[in-house]
Amino acid sequence: EVQLAESGGGLVQPGGSLRLSCAASGFTFSSYWMTWVRQAPGKGLEWVANIKQDGTEKYYVDSVKGRFTISRDNAKNSLYLQMNSLRAEDTAVYYCARAGYCTNTSCYYDYWGQGTLVPVSS
Amino acid sequence: DIVMTQSPDSLAVSLGERATIYCKSSQSVLYSSNNKNYLAWYQQKPGQPPKLLIYWASTRESGVPDRFSGSGSGADFTLTISSLQAEDVAVYYCQQYYSTPPTFGQGTYLEIK
């Protein structure tokens, strides 16, 4: 059974940093593009970042470029999101998701974790 | 970026009746080389993550009930629930994966009338 479990969320002050993790199981992690998608409270879904199977290609939404870094450790079946210089508008539930298929770098997502909440507030 | 616009924003349908949700993209998401539409639909119930329902505009994900169907091509798409069940109350999102960044519609809230 495919499982994705996010961790690392929590209250952080504006300008602060946080590192999210996603533990994957039930599939060959190293064979899939992976992504982070976020959802602000009461709002819709926003793609944040993608990473290729071997970690050599990474893509970000413009609003997080230069502040967030996606990475993965295939030996540990884990996905990460390092978030720096956090802003109030980054407040959201952050979901880790597996890509079912990708067109170059844009994918649909067939399995999702339960999400981890990141409130950014003073 | 491709903008995805769903209609309506909310919808109330009686149990057993048909529900139809529309999704329009700001440009075509049809790849001429393979004649595939790069369009997916998701269902999100309260307090849960999104669940993939349909990809390639009309291919049902494994395990999804056959009352859910997707149609359309180019820039205009439809998600239809043929006979609404109580467990179908949720927000539904369309998403294009034709180009980066992948983008979602704003969501359509479906409830029971």
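Chain A is the first sequence line, chain B the second, and so forth, proteins listed ahead of strands; every chain is numbered from 1.
- When all heavy atoms of B:Q48 and A:Y95 are compared, the closest pair comes out as O-OH, 3.7 Å.
- Residues B:G47 and A:Q114 come closest through the heavy atom pair O-OE1, 4.4 Å.
- Taking a 6.0 Å sphere around NZ of B:K45, one finds it holds more than 12 heavy atoms contributed by other residues, nucleotides or ligands.
- If you measure heavy-atom distances from A:Y109 to chain B, the contacts under 4.5 Å come from both the backbone and the side chain.
- Taking hydrophobic clusters as Ile, Leu, Val, Met, Phe, Trp and Tyr residues chained together by side-chain heavy-atom distances below 4.5 Å, B:V3 does not share a cluster with B:Y38.
- Follow the hydrophobic side-chain contacts under 4.5 Å out from A:L18 and you reach A:V93 in the same cluster.
- Residues B:T100 and A:W47 share a closest heavy-atom pair of CG2-CH2, 4.1 Å.
- Rounded to the nearest 0.5 Å, atoms CG (A:L45) and CD (B:Q95) are 9.0 Å apart.
- A chain of hydrophobic side-chain contacts below 4.5 Å, direct or via other Ile, Leu, Val, Met, Phe, Trp or Tyr residues, connects B:V64 to A:V2.
- Note: B:Y55 and A:Y108 have parallel aromatic rings, judged against thresholds of 30 and 60 degrees for the angle between ring planes.
- Rounding to the nearest 0.5 Å places CG of A:D110 at 8.0 Å from OH of B:Y42.
- Among all heavy-atom pairs drawn from B:S99 and A:S106, the shortest one is O-OG, 3.0 Å.
- Between atom NZ of residue B:K36 and atom OG1 of residue A:T103 there is a gap of 10.5 Å, rounded to the nearest 0.5 Å.
- Counting heavy atoms from C-beta on, the side chains of A:K43 and B:Q106 never come closer than 4.5 Å.
- Cluster annotation: B:L30 is not connected to B:M4 through the hydrophobic network of ILVMFWY side chains, with a link wherever side-chain heavy atoms come within less than 4.5 Å.
- Of all heavy-atom pairs spanning B:P102 and A:C107, the tightest one is CB-O, 4.3 Å.
- Residue A:Q39 holds its CD atom at 4.5 Å from OH of B:Y93, rounded to the nearest 0.5 Å.
- Between chain A and the options B:G107, B:P50, B:G105, B:P101, the largest number of non-hydrogen pairs under 4.5 Å is found for B:P50.
- Heavy atoms closer than 4.5 Å to chain A are found in the side chain of B:Y31, but not in its backbone.
- When the side chains of ILVMFWY residues are joined at heavy-atom separations under 4.5 Å, either directly or via intervening members, A:V64 and A:Y80 end up in two distinct hydrophobic clusters.
- Heavy atoms of other residues, nucleotides or ligands lying less than 6.0 angstrom from OH of B:Y22 number 12 at most.
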